[in-house]
Chemist: 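Have a look at this one.
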Amino acid sequence: MSESGPDAPRGANGDGASDGSRRPERPPVRALDPATAMRLTDGRAPLPALYLSDRLLVRAAPGGGATRGLGDLRAALAKLELDFRVTPRPDGEARDLQGDSWGTSITLTPARAIDSVDAWRVLQQLRQSAEPVAELLSLEHVLRPADGYWGGVGGYWGGVGGYWGGVGGYWGGVGGSALEEYSVPGRGGRMPVALALPDPRLRARPVDRSPVVVVPDTAIAGHPWFKRDSGVLRMVLENGRLVPLLTGPGDPSATPSATPPITVPAPSEPVGLLQGHATFIAGLVRQGCPEATILSIPVMGDDGIVDESVMLDVLQALLDRHVHGQDNDDPSEVVDVLSLSLGYYAEDSSYTSGPVADLLDRFAEHGILVVAGVGNDGTSSPFVPAALAAAPPQRVTKKSVPPLASVGATNPDGTTVALFSNTLTVVSAVRSGVSVVSTLPLTNGMGQPSSQVSADGTVRCTVDPDDYTGGFGVWSGTSFATPVFAAELAAALIDEGGLTDVSAPAMRKRGIRALRTCIGRTRS
């Protein structure tokens with residue numbers, strides 16, 4: 001099924017753009033169906049996955065740079081009557097294939113323009129023919145948030161919903177109706193609430209250096225908690241580098257803490273399914289560690305999807321910035337925790353040595369703690385990057401690195417695990433992820449109170465179900481358990497002390513100690 005077809009989610013192709021403009025056409029997305037897809041080389045059926053049908057990722061060859069192997073790839077594809085071109089970044093700029101980059105994305109082109117291309121079939125044909133370059137190739141997956149969209153239930157994937165959340169039995173998980181219960185307001189579903197608490201930043205402790213928690217997600221909206229100079233840095237990817245987000249085109253007064261204006265809009269249709277996702281995440285980080293600086297990097301829109309190569313480009317730029325800060329002893333460029341509330345389901349075990357795993361291993365080597373949500377489909381199928389989690393080492397040695405931590409969600413009792421929370425091979429920690437309260441954009445949908453009475457200039461009414469102009473709401477998902485744990489790690493790093501020492505060995509040791517402290521806790 002193609003996401004660029006008539007059943008595409010609102011916003012996927014630009015029809016849902018808030019300004020009425022048409023976004024660039026998305027590349028076609030295909031659902032890997034275990035019943036009909038080409039099998040693995042050992043004869044087993046692949047697991048379900050979503051991927052870009054005409055693209056492949058080429059990992060950098062060990063010791064050879066990112067360009068090594070592209071010539072061999074062209075020769076191998078020619079045998080299948082295919083060619084390729086390097087996929088440009090979304091801004092149209094070419095990718096830098098030199099140095100220590102993760103690799104690149106290629107777009108497959110058939111000899112005849114009318115022929116279709118299936119990247120999975122091409123990949124399997126190269127593997128079957130034992131082409132050496134096949135070891136450097138993988139599908140380019142579509143990442144989606146680990147939030148409150150229960151695996152496509154309700155048609156989020158436009159008909160592919162049957163693969164997810166145990167519906168149809170592919171996951172062997174729990175039934176879809178039980179998962180859907182969490183989407184009901186009052187039982188975990190998103191709804192507005194009032195919060196009678198001031199910005200936690202007002203009670204932040206003085207620290208020698210604020211730990212930096214990175215949130216690559218949707219954009220963080222304007223909110224009273226996230227005004228200018230309030231501990232939020234907004235950056236975007238331009239020409240392969242992270243640069244401060246300006247308040248407007250060419251605004252010379254903009255700073256890295258530039259903040260979108262806070263306005264109360266007129267009632268309107270929802271902009272997208274994931275509106276406010278990162279804003280909600282940022283509020284949870286703020287509540288858990290008010291001393292932390294939140295580094296926001298928009299990688300997806302309100303449609304809630306992002307191409308794997310785009311995510312990898314952002315992570316590469318983030319790592320480059322961090323390493324530059326370490327090499328120059330510049331703490332302003334160093335990050336401490338990477339909070340990932342998104343991922344993809346892997347079709348086979350190749351994800352353990354794929355581009356995401358390779359890049360996140362380098363994050364760990366440089367002392368960055370990585371936490372990732374386990375997903376919300378009640379399944380044990382590998383949800384990447386959370387499926388890369390491992391237990392922390394028992395001893396700290398010079399070569400020890402902090403392992404990636406996967407985070408599941410608990411119900412409000414803090415003890416029972418949410419039914420939707422995936423049961424991966426390693427779940428490092430579980431934290432509050434159901435009916436949690438946090439910040440949301442000040443939006444007002446078209447919904448209305450069920451009853452309203454006006455008298456003497458006073459309006460009395462029931463709750464407007466989609467009026468978030470109060471700035472707070474309730475939501476559920478492992479997307480939100482993840483920043484709860486990330487904030488806990490940031491607070492533990494402060495308690496460890498020595499944050500001004502940003503050398504890789506010092507950051508690795510601090511990170512492992514913080515992981516041990518936080519993983520040992522049973523309640524958020």
Side-chain angles (χ1 to χ4, degrees), residues 90-91 143 145-147 199-201 204 210-238 241-248 251 254-262 271-272 274-306 310-311 313-322 325 332-342 363 368-373 438-443 471 475 479-480 482-484 486-487 489-490:
D91 59 8
L143 282 71
D147 63 2
D199 180 356
R201 185 82 173 176
S210 295
V212 178
V213 179
V214 185
V215 179
D217 207 272
T218 60
I220 295 179
H223 189 279
W225 280 17
F226 307 130
K227 296 177 181 179
R228 186 183 297 271
D229 300 325
S230 63
V232 176
L233 303 179
R234 292 173 169 86
M235 307 194 81
V236 293
L237 184 69
E238 288 186 5
R241 296 175 59 249
L242 290 176
V243 298
L245 178 65
L246 303 181
T247 54
D251 182 355
T255 68
S257 58
T259 306
I262 300 173
V271 175
L274 268 296
Q275 185 186 52
H277 193 253
T279 310
F280 200 86
I281 289 170
L284 292 170
V285 174
R286 175 61 53 84
Q287 293 175 63
C289 184
E291 298 83 9
T293 295
I294 302 168
L295 174 53
S296 168
I297 310 173
V299 296
M300 62 184 173
D302 292 337
D303 56 3
I305 52 178
V306 58
V310 172
M311 189 67 188
D313 284 343
V314 167
L315 293 180
Q316 181 68 61
L318 178 66
L319 181 61
D320 290 345
R321 181 176 180 269
H322 173 84
S332 68
E333 294 186 322
V334 171
V335 301
D336 299 274
V337 185
L338 173 61
S339 183
L340 299 171
S341 294
L342 73 174
F363 271 73
I368 301 173
L369 293 172
V370 181
V371 296
S438 190
T439 47
L440 280 169
L442 281 59
T443 58
W475 213 344
S479 266
F480 311 128
T482 302
V484 169
L489 286 173

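On a predicted model such as this, the values are computed, not experimentally measured, just so you know. The first residue of the sequence shown is numbered 1, and numbering continues consecutively from there.
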Chemist: Using every non-hydrogen atom in the two residues, find where Val285 and Ala292 come nearest and quote the distance to one decimal.
Modeler: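 So the two residues come closest at CG1-CB, 4.4 Å.
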Chemist: Are the side chains of Met300 and Leu143 in contact, using a 4.5 Å heavy-atom criterion?
Modeler: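 They are not in contact (no side-chain heavy atoms under 4.5 Å apart), so the answer is no.
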Chemist: With side chains defined as the heavy atoms from C-beta onward, is the minimum distance between Leu315 and Leu338 less than 4.5 Å?
Modeler: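 Leu315 vs Leu338: side chains touch.
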Chemist: Once the angle between the rings of Phe226 and His223 is folded into 0 to 90°, is it parallel (under 30°), tilted (30 to 60°) or perpendicular (over 60°)?
Modeler: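 The rings of Phe226 and His223 sit tilted, inter-plane angle from 30° to 60°.
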Chemist: May I ask you to test the Pro145-Leu274 pair for a side-chain heavy-atom distance under 4.5 Å?
Modeler: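 Yes. Closest side-chain heavy atoms under 4.5 Å.
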Chemist: For Gln287, give me all partners under side-chain hydrogen bond (donor to acceptor under 3.5 Å, both in side chains), at least two apart in sequence or on another chain.
Modeler: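 Residues passing side-chain hydrogen bond (donor to acceptor under 3.5 Å, both in side chains) with Gln287: none at all.
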Chemist: Nearest heavy-atom pair of Gly471 and Leu442: which atoms, and what distance?
Modeler: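 For Gly471 and Leu442, the tightest heavy-atom pair comes out as CA-CD1, 3.9 Å.
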Chemist: Verify, without hydrogens or angle tests, whether Thr218 (side chain) and Ala278 (backbone) share a donor-acceptor contact under 3.5 angstrom.
Modeler: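 Yes.
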Chemist: Report the residues that fulfil side-chain contact (heavy atoms from CB on, under 4.5 Å) with Glu291, sequence neighbours left out, ordered by chain and then residue number.
Modeler: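 By the side-chain contact (heavy atoms from CB on, under 4.5 Å) rule, Glu291 matches Ala204, Arg205, Val207, Cys289, Ile494.
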Chemist: If the condition is side-chain contact (heavy atoms from CB on, under 4.5 Å), which residues does Val236 pass it with, not counting sequence neighbours?
Modeler: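 Residues passing side-chain contact (heavy atoms from CB on, under 4.5 Å) with Val236: Glu238, Val243, Leu245, Pro298.
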Chemist: Would you name the heavy atoms of Val334 and Gly325 that are closest together and state the gap between them?
Modeler: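 Closest heavy-atom pair between Val334 and Gly325: CG2-C, 4.0 Å.
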Chemist: How about Leu237 and Pro90: do any of their side-chain heavy atoms sit closer than 4.5 Å?
Modeler: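 Result no, sub-4.5 Å side-chain heavy-atom pair not found.
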Chemist: At what distance, to the nearest 0.5 angstrom, does CD1 of Ile294 lie from CD1 of Ile220?
Modeler: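 Spacing of CD1 (Ile294) from CD1 (Ile220) equals 5.5 Å.
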Chemist: Do side-chain atoms of Thr482 reach the backbone of Ser339 as a donor and acceptor pair under 3.5 angstrom?
Modeler: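 Such a contact is absent between Thr482 side chain and Ser339 backbone.
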Chemist: Under a 4.5 Å cut-off applied to non-hydrogen side-chain atoms, are Leu318 and Leu295 in contact?
Modeler: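 Side-chain contact under 4.5 Å: yes.
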Chemist: For the residue pair Pro216 and Leu340, what are the closest heavy atoms and their distance?
Modeler: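 Minimum heavy-atom separation between Pro216 and Leu340: CG-CD2, 3.7 Å.
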Chemist: State, with a plain yes or no, whether a side-chain heavy atom of Leu342 is found less than 4.5 Å away from one of Ser479.
Modeler: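 Not touching, per the 4.5 Å side-chain cut-off.
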Chemist: Taking side-chain hydrogen bond (donor to acceptor under 3.5 Å, both in side chains) as the test, write out the residues that go with Asp199, two or more places apart.
Modeler: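 With sequence neighbours excluded, Asp199 shows a side-chain hydrogen bond (donor to acceptor under 3.5 Å, both in side chains) to Arg286, given in chain and number order.
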Chemist: How far apart are the closest heavy atoms of Val299 and Val306, and which atoms are they?
Modeler: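 Closest approach of Val299 to Val306: O-CG2, 3.2 Å.
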Chemist: Checking Asp320 now: which residues fulfil salt bridge (charged side-chain N to carboxylate O under 4.0 Å, His left out) with it, not counting sequence neighbours?
Modeler: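 None.
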Chemist: Quick one: side-chain contact (heavy atoms from CB on, under 4.5 Å) partners of Pro441, sequence neighbours excluded?
Modeler: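 Partners of Pro441 under the side-chain contact (heavy atoms from CB on, under 4.5 Å) test: Ala221, Thr279, Thr443.
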Chemist: Which label fits Phe480 and His277: parallel for a plane angle under 30°, tilted from 30 to 60°, or perpendicular past 60°?
Modeler: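 Rings of Phe480 and His277: tilted, as their planes differ by 30° to 60°.
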Chemist: Could you tell me which non-hydrogen atom of Ala317 sits nearest to which non-hydrogen atom of Leu242, and how far apart they are?
Modeler: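 Looking at all heavy atoms of both residues, the shortest contact is CB-CG, 3.9 Å.
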Chemist: Which distance, rounded to the nearest 0.5 Å, do you find between the CG of Leu284 and the OG1 of Thr439?
Modeler: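 Answer rounded to 0.5 Å: 7.0 Å.
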Chemist: Rounded at 0.5 Å granularity, tell me how far CG in Leu489 sits from CG in Asp336.
Modeler: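 Reported value, rounded in 0.5 Å steps: 10.5 Å.
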